[in-house]
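Both backbone and side-chain heavy atoms feed into the values below; hydrogens, waters and symmetry mates do not. Predicted model, so just to flag it, every value in this text is computed and none were measured.
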Amino acid sequence: MNPSTLTPSHTHRPLLLPSPFYSRRRRFRVSLPRCSSDAAAAAAPSPPPPTPPQRPPKDLKGIELLVDKLSPPARLATSAVIVAGAAAAGYGLGSRFGGSRYAALGGAVALGAAGGAAAYALNAAAPQVAAVNLHNYVAAFDDPSKLKKEEIEAIASKYGVSKQDEAFKAEICDIYSEFVSSVLPPGGEELKGDEVDRIVSFKNSLGIDDPDAASMHMEIGRKIFRQRLEVGDRDADVEQRRAFQKLIYVSNLVFGDASSFLLPWKRVFKVTDSQIEVAVRDNAQRLFASKLKSVGRDIDAEQLVALRKEQQLCRLSDELAENLFRTHTRKLVEENISVAIGILKSRTKAVPGVSQAIAELDRVLAFNNLLISFKTHPDVDRFARGVGPVSLVGGEYDGDRKIEDLKLLYRAYVSDALSGGRMEDDKLAALNQLRNIFGLGKREAEAISLDVTSKVYRKRLAQAVADGELEMADSKAAFLQNLCDELHFDPQKASELHEEIYRQKLQKCVADGELNEEDVAALLRLRVMLCIPQQIVETAHSDICGSLFEKVVKEAIASGVDGYDAEIQKSVRKSAHGLRLTREVAISIASKAVRKIFINYIKRARAAGNRTESAKELKKMIAFNTLVVTNLVEDIKGESADISTEEPVKEDITQTDDEEWESLQTLKKIRPNKELTEKLGKPGQTEITLKDDLPERDRTDLYKTYLLYCLTGEVTRVPFGAQITTKKDDSEYLLLNQLGGILGLSSQEIVEVHRGLAEQAFRQQAEVILADGQLTKARVEQLNNLQKQVGLPQEYAQKIIKSITTTKMAAAIETAVTQGRLNMKQIRELKEANVDLDSMVSENLRETLFKKTVDDIFSSGTGEFDNEEVYEKIPSDLNINKEKARGVVHELAKSRLSNSLVQAVSLLRQRNHKGVVSSLNDLLACDKAVPSQPVSWEVPEELADLYTIYLKSDPTPENLSRLQYLLGINDSTAAALREMGDRLLNTTAEEEKFVF
């Protein structure tokens with residue numbers, strides 16, 4: 001085709017232009033109106049695309065010119081005239097030259113056929129003529145949207161052709177394809193949003209059917225696909241891919257639900273459902289995003305409704321639309337925030353600049369409030385999705401690198417809200433919204449607010465103190481509470497601030513190392529004005545004054561045993577009393593430093609290689625306590641060095657039982673007598689101990705270590721592997737007493753240690769004496785001598801002796817039970833002797849003993865079974881479960897009953913009548929335990945013999961009757977057996993003898 005204007009007289013611009021996708025197709029050049037959302041893009045216009053060269057319109061040739069001049073009736077009449085004229089001319093020529101009638105008819109047929117062919121050619125050219133005229137007609141339009149369906153139908157009617165005619169239909173499809181190609185923007189440009197409406201309108205104007213139109217869309221897709229294969233660079237490939245995605249998106253919107261079967265993208269282009277979904281989603285998002293550009297901070301309900309309609313037209317899901325709307329609102333807010341941050345960070349920042357930054361934040365809050373108000377609007381269901389509070393999450397300021405900028409803005413807004421000296425309720429609500437917008441954590445926001453509010457509170461508090469307003473107030477607490485309420489300041493935080501102010505004042509007062517009367521009065525005045533509790537005051541003095549005092553104490557301790565002189569003593573006394581510390585607080589501070597030294601001695605004692613080295617380290621600790629710590633405590637208390645300190649350990653020990661005290665020789669030796677007291681001097685202090693620093697077991701182990709050192713003396717190794725033991729005098733026991741005080745051991749704990757060693761020594765030797773568990777008179781005397789030797793009280797010695805004998809007896813009893821040498825009679829005798837069998841014999845062995853006892857009853861041959869004895873007394877004596885015992889009896893009775901019958905028959909065959917009677921009695925005993933049904937035997941005569949033998953044993957009527965039942969013998973047989981019992985037995989004996 002060669003498109004051009006229809007005639008030279010037309011002034012319209014040519015419409016059909018070369019397609020950007022392929023050179024042989026034509027494209028419409030149309031003027032597209034710019035939508036309002038592109039205002040930003042209009043601000044930076046791009047150069048217009050180059051105008052393609054003009055092409056001439058299609059021309060009619062040959063017979064087409066004649067067909068174009070004739071109307072359909074005229075064309076039919078002309079065709080008839082041509083056929084008739086040709087037939088007549090043929091007839092005349094045939095008559096003239098042929099000379100016969102047949103020649104005339106042949107000429108008429110020949111020329112008539114030629115005329116018919118000419119007429120057919122004339123009518124067959126009509127569709128092509130109509131297509132050329134349609135092409136030239138459409139090419140004359142500058143705007144194809146002005147084309148109407150009636151005009152297309154008029155052209156078809158003018159030439160008497162159908163729109164489904166191949167040539168005419170091909171022209172319509174070609175025009176539609178070029179229009180669609182011209183409407184779709186290139187790959188690098190975005191959709192404007194009116195493409196679908198324009199294509200649908202043009203399709204309806206052309207009157208093209210959906211299948212034909214869909215085939216044109218597929219053809220455009222094929223050409224884009226081919227171009228993707230032909231391009232060589234990556235950018236062009238990406239551009240063609242985007243053009244193909246836009247074609248898919250627009251085509252699906254044009255054909256709606258019918259696109260699933262009209263547009264076979266997957267089959268033709270081998271794409272997946274997910275790729276199609278991505279194409280639709282991405283273009284819908286970009287199109288909806290372009291619509292959002294028109295939304296500003298003054299958005300209203302009408303815009304929200306319009307956006308909702310645009311979303312539905314774009315076929316965008318609510319979730320994606322919500323994300324896009326929130327992203328757009330976030331970007332609007334980020335613009336204000338960026339401006340505000342730029343102002344605050346400006347080097348030329350001034351008060352007006354800060355005000356401008358606050359104004360930007362006010363705009364953010366106003367926009368946020370507007371969006372929040374839309375959530376309660378009656379038409380909220382018609383609004384665009386995503387209307388609600390703004391959040392910076394997921395945007396430019398969502399990250400650790402930008403959080404400091406947001407904190408800076410938040411701090412500036414808090415400072416501005418408190419600039420008037422109070423916090424208004426509306427400002428408080430605005431701060432909460434701002435925190436939510438910035439995504440600040442509650443603790444972060446509270447920390448910023450607390451920091452700013454604390455400064456304002458401190459400033460107003462200083463002003464109130466300077467003006468005397470606070471001091472003159474009737475109620476200081478009410479004044480401070482009112483100040484907190486005005487600033488919305490937490491009273492607890494205010495109390496902490498008051499404490500900080502008091503500490504600062506106290507720190508200033510003790511700068512010279514002591515508190516004078518003026519300092520005390522000033523601190524008291526400040527405490528009253530700020531309503532500081534006594535406990536907080538004491539804590540502050542303990543921390544601040546205590547740290548100074550702790551320094552003095554550490555210097556005193558560091559001086560060592562030889563360096564604690566009068567100058568250090570004076571320094572300690574001055575610091576303890578000049579800093580106005582209570583005695584308890586001063587002792588507590590000194591205790592911390594002293595206990596650290598004690599712990600170091602303990603560590604060295606534990607790390608020592610032997611007991612002697614450990615004892616030496618402990619002795620050093622005792623000396624340090626006596627010469628340094630004792631003097632330090634006296635100086636803190638202000639006591640004279642001549643006053644001796646009573647030892648709590650000694651007082652506690654003297655209150656213990658006299659008998660036990662006198663018997664434990666090692667414990668008796670730690671009681672100082674007058675001579676040793678004068679020799680060793682004053683005792684050590686016992687107020688600072690390690691009671692709370694070491695567990696009880698560790699403290700007792702250390703005490704035991706030194707006690708063993710006192711008992712064994714100092715061991716010295718000499719060459720050739722020999723050892724020399726040097727005994728110590730009783731003064732070591734006094735040092736042991738002081739060690740107990742340092743370790744914080746109570747009198748009971750000390751007694752337990754001494755007793756434990758005595759018990760250990762006594763047990764070791766007593767186990768040798770009582771090796772077989774037998775306690776004789778000679779051994780009792782030997783044990784008494786041993787008790788006196790180790791100094792163990794009588795009651796503890798008896799417990800050890802009983803423990804040893806009980807353990808030995810338990811082993812013997814258990815062995816007897818296992819070997820079956822213990823019966824119930826012996827068990828009951830042991831219980832009467834107060835022997836605890838439950839602890840000596842395990843439950844399993846007691847159950848075994850019960851089973852053996854019951855088995856003996858069932859095999860005793862007496863036929864007796866006492867229910868109370870078996871079910872009650874024996875389980876009670878053995879302390880086993882009675883129900884479980886009953887089950888054991890039943891199980892044994894059932895098994896022994898059949899065994900007793902077999903055994904009785906066996907003895908019968910051996911002619912052991914006495915054994916037969918015993919076995920039958922066992923059978924009756926089992927039956928008494930568990931009543932049985934009559935037994936069965938394959939030789940009934942043997943059952944009769946058993947009955948006869950038992951009959952002659954003079955049994956009780958009850959046993960005889962029960963045996964008759966169990967053996968299945970009726971009364972008549974039993975009577976006959978009683979009458980002929982002797983003869984039957986003799987005969988049987990003779991027969992057996994004969995057989996033998």
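- For E567, the CD atom counts as loosely surrounded, since its 6.0 Å shell holds 12 or fewer non-hydrogen atoms of other residues, nucleotides or ligands.
- A side-chain donor-acceptor contact under 3.5 Å links T700 to the backbone of R697.
- Side-chain contact of E752 with Q748: a donor-acceptor pair under 3.5 Å is present, judged by distance alone.
- Ion pair R458/E500 flagged as a salt bridge, since at least one NZ, NE, NH1 or NH2 atom sits closer than 4.0 Å to an Asp/Glu carboxylate oxygen.
- Using a distance-only test at 3.5 Å, with no hydrogens or angles considered, no donor-acceptor pair links the side chain of D398 to the main chain of L392.
- Taking the six-membered ring for Trp and thresholds of 30 and 60 degrees, F624 and Y601 have ring planes inclined between 30 and 60 degrees apart.
- Between R595 and D692 there is no salt bridge, since no side-chain nitrogen of the basic residue lies less than 4.0 Å from a carboxylate oxygen of the acidic one.
- In this structure, a donor-acceptor pair under 3.5 Å is absent between the side chains of Q569 and N631.
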(request) Check step by step if ring-ring contact (aromatic ring centres under 6.0 Å, His included) holds for H754 and Y703. (result) CA-CA 10 Å; H754 286 265; Y703 186 88; 5.6 Å; yes
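- With respect to the salt-bridge test (charged N to carboxylate O, under 4.0 angstrom), the residues K427 and E424 do not qualify.
- Under a 4.0 Å N-O distance rule, the pair R525/E471 qualifies as a salt bridge.
- In this structure, the separation between CZ on R604 and CE on M621 is 10.5 Å, given to the nearest 0.5 Å.
- Using a 4.5 Å heavy-atom cutoff, the side chains of T539 and R503 are in contact.
- Between K592 and E550 there is no salt bridge, since no side-chain nitrogen of the basic residue lies less than 4.0 Å from a carboxylate oxygen of the acidic one.
- You'll find the side chain of F549 reaches within 4.5 Å of the side chain of V553, heavy atoms only.
- Ion pair R363/E360 flagged as a salt bridge, since at least one NZ, NE, NH1 or NH2 atom sits closer than 4.0 Å to an Asp/Glu carboxylate oxygen.
- Using a 4.0 Å cut-off between a side-chain N of Lys or Arg and a carboxylate O of Asp or Glu, K508 and D519 do not qualify as a salt bridge.
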(message) What verdict does the side-chain hydrogen bond (donor to acceptor under 3.5 Å, both in side chains) test give for S614 and Y709, after you've listed the backbone C-alpha separation in whole Å, the side-chain angles of each residue and the deciding distance to 0.1 Å?
(response) CA-CA 9 Å; S614 298; Y709 171 75; over 6 Å; no
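- For the pair E404 and K402, the salt-bridge criterion is not met [side-chain N within less than 4.0 Å of a carboxylate O].
- Taken from CG in L409 to CG in L440, the straight-line distance is 10.0 Å, to the nearest 0.5 Å.
- In this pair, Y410 and F438 present their aromatic rings perpendicular. The plane angle is above 60°, beyond the 30 to 60° band.
- Separating the NZ atom in K442 from the CG atom in N432 is a distance of 9.5 Å, to the nearest 0.5 Å.
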